[in-house]
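Report on the following structure.
Letters go in sequence order (proteins before strands), and every chain restarts at 1.
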There are 2 protein chains.
Amino acid sequence: MDELTQDLIDGNRRALSRAITLIESTRPDHRARALQLLSELPQRQALRIGLSGTPGVGKSTFIEAFGKMLTAQGLKVAVLAVDPSSARSGGSILGDKTRMETLSRDPNAFIRPSPSRAEMGGVARRTRETVRLCEAAGFDVVLIETVGVGQSETLVAEMSDLFILLLAPAGGDELQGVKRGIMEIADIVLVNKADGELRSTAMRTVADYAGALRLLRKRSYDPAEFPKALPVSAYTGDGLEKAWENMTYLADWRREHGHFDRRRSEQARHWFVSELRAGLLARLDSLPVRERVARLGEAVAAGETSPELAASDMLDWLAQG
Amino acid sequence: MDELTQDLIDGNRRALSRAITLIESTRPDHRARALQLLSELPQRQALRIGLSGTPGVGKSTFIEAFGKMLTAQGLKVAVLAVDPSSARSGGSILGDKTRMETLSRDPNAFIRPSPSRAEMGGVARRTRETVRLCEAAGFDVVLIETVGVGQSETLVAEMSDLFILLLAPAGGDELQGVKRGIMEIADIVLVNKADGELRSTAMRTVADYAGALRLLRKRSYDPAEFPKALPVSAYTGDGLEKAWENMTYLADWRREHGHFDRRRSEQARHWFVSELRAGLLARLDSLPVRERVARLGEAVAAGETSPELAASDMLDWLAQG
């Protein structure tokens, strides 16, 4: 076994960081070594929790408070971010470690920002693989956080055991701002800032969302009371324990009824097909191919050949190797 | 040249129908013949008009009235449909010819329903190729209609010279129901049913949309007054002539300023790359490949191999084959 793999399994944080960097690399030799590394990992399971919340709901503060509560119980917590805007802009405005200063200094916590300069497909692959590295490194909980933008929530839900939606207290009108598709994948809706002046608004929002969740189709794979809405305060810490109890209760229930493993199996199968499709399309990434595609694209734009004929020519050329 | 191609160019309607059927076929020998046919087509241009409208705005009645007005001017009009629900359900509830009974009997009009039992990618390819068949067959206007669902509007806009959004008269609140992305691709918003009792509501809706359109970013490639909103009545015919004048004015303006051809060039280049990607992914469609993918998928789901390793194995296997 590779020394890096051994160090990683022993819980060495620098080894974990180096392994993630290896996984994020697009160099073919790095990729080969990353595949080797992934094939050597032991089967350890963490609870994978997807967490979505738009800017302003206090997501960083929540993760700090929630993460500290878990580490205080002796649990090891990894926090990964999937940030589509970071993929576009080449980095978030504030680094994730700056956003979660206390947690980032905790020896039982590990925070990794969203990889920059990668497409969403690349971010998804890296995050799914990083989750498995964190599991092998002995983490008990892997939090995968994302902002409520475009496809990123579905993507995070597809790699999580539980999906949590963090919301701010709001009037009934704003309730409609949450897309139905997101409500349907949420296992628990947490309404943050249930403290001070906002407490009564937060409690009303919880009731509103509880009502909205009841209108969704019943899930055969969950106990009757889920999905549910709960109030929390990242600021005072109120409700955090109860939120965690609900998460572990739901995860245990699904484990006992076979749904937990079934979900992971389906996710793995889905991921295999995504990887396969991405691998086929990666044939378009090499420099000689890109040059030929650009040249043919010019000919098509100039009307010298048709899109279908140019595509057919290019496919023949690729088939010849 | 193929006899079918010659008949098509001569304006034979049965030849056009047969050519479209050929293009819709997934049989490899049909596909080869379709590619041959497309490569033989002469360079004739029709005005390609994309038209979107949700059910209930009177889209069929509008196309009937608008199409009849054009054929009365001696123009030949083809109507193609892109219906994502048809792709799912295997056909629309009412056939397109039933919906547009008068126009379908007009010798200068040609109506082709959305192909059924095809994925959106397949529908897009078929429709783009059918547009070119209609152009070669001497049609002056090709109307590509779609319902406002999911990606279909973007897809239709990508194959059109102009994109028209047909709306019903509505209160200011409902204005927000139109997604910003759709407003941004619309060149002209037509508010239908501007007749009888609804006329004043329709005029207010026109003013509302005119205001909303002014808030969008200015387009460098259009005259200042576009995009614009106009009232029409498919029932009385009011406003149809003016809508057509605006369409031809905008198309002519873009032609004079080079934007018309540039847009078509970019669309062709984009289509080439889509075809290329679809062609690469089509390698997963053959029976032996599907069987192997299913088998590996089972192994991944059972935890016997990892998603990355299985994908890597499969790609190696495809490369050897």
Practice task
With the side chain counted from C-beta on, respond yes when B:Ser306 and A:Leu38 share a heavy-atom pair under 4.5 Å apart, and no when they do not.
Solution key: no
Completion exercise
Between B:Gly303 and A:Gln43, the two heavy atoms sitting closest are O-NE2, 4.5 Å
Completion exercise
Between A:Leu276 and the options B:Leu296, B:Asp313, B:Val289, B:Val293, the side-chain contact (heavy atoms from CB on, under 4.5 Å) test singles out B:Val293
Problem - For chain B, which residues of residues 263-272 of chain A have heavy atoms nearer than 4.5 angstrom - result: A:Ser265, A:Ala268, A:Arg269, A:Trp271, A:Phe272
Handout entry: Minimum heavy-atom distance B:Gly279-A:Leu315, with the two atoms named
Key = CA-CD1, 3.6 Å
Fill in the blank from the handout: Across all chains, not counting sequence neighbours, the ring-ring contact (aromatic ring centres under 6.0 Å, His included) partners of B:His30 are none
Problem - Atom CZ of B:Arg219 with >12 non-hydrogen neighbours under 6.0 angstrom - result: yes
Problem - B:Arg283 side chain near A:Arg283 side chain, heavy-atom distance below 4.5 Å - result: yes
Exercise for the section: Answer yes when B:Arg132 and A:Glu308 have at least one side-chain N-carboxylate O distance shorter than 4.0 Å, and no when they do not. Expected result: yes
Handout entry: Best-contacting candidate, B:Leu281, B:Leu309, B:Val300, B:Leu284, against chain A by heavy atom pairs under 4.5 angstrom
Key = B:Leu281
Handout entry: Heavy atoms of other groups near B:Arg255 CZ, more than 12 under 6.0 Å
Key = yes
Handout entry: Gap separating the CZ atom of A:Arg277 from the CG atom of B:Leu280, nearest 0.5 angstrom
Key = 11.0 Å
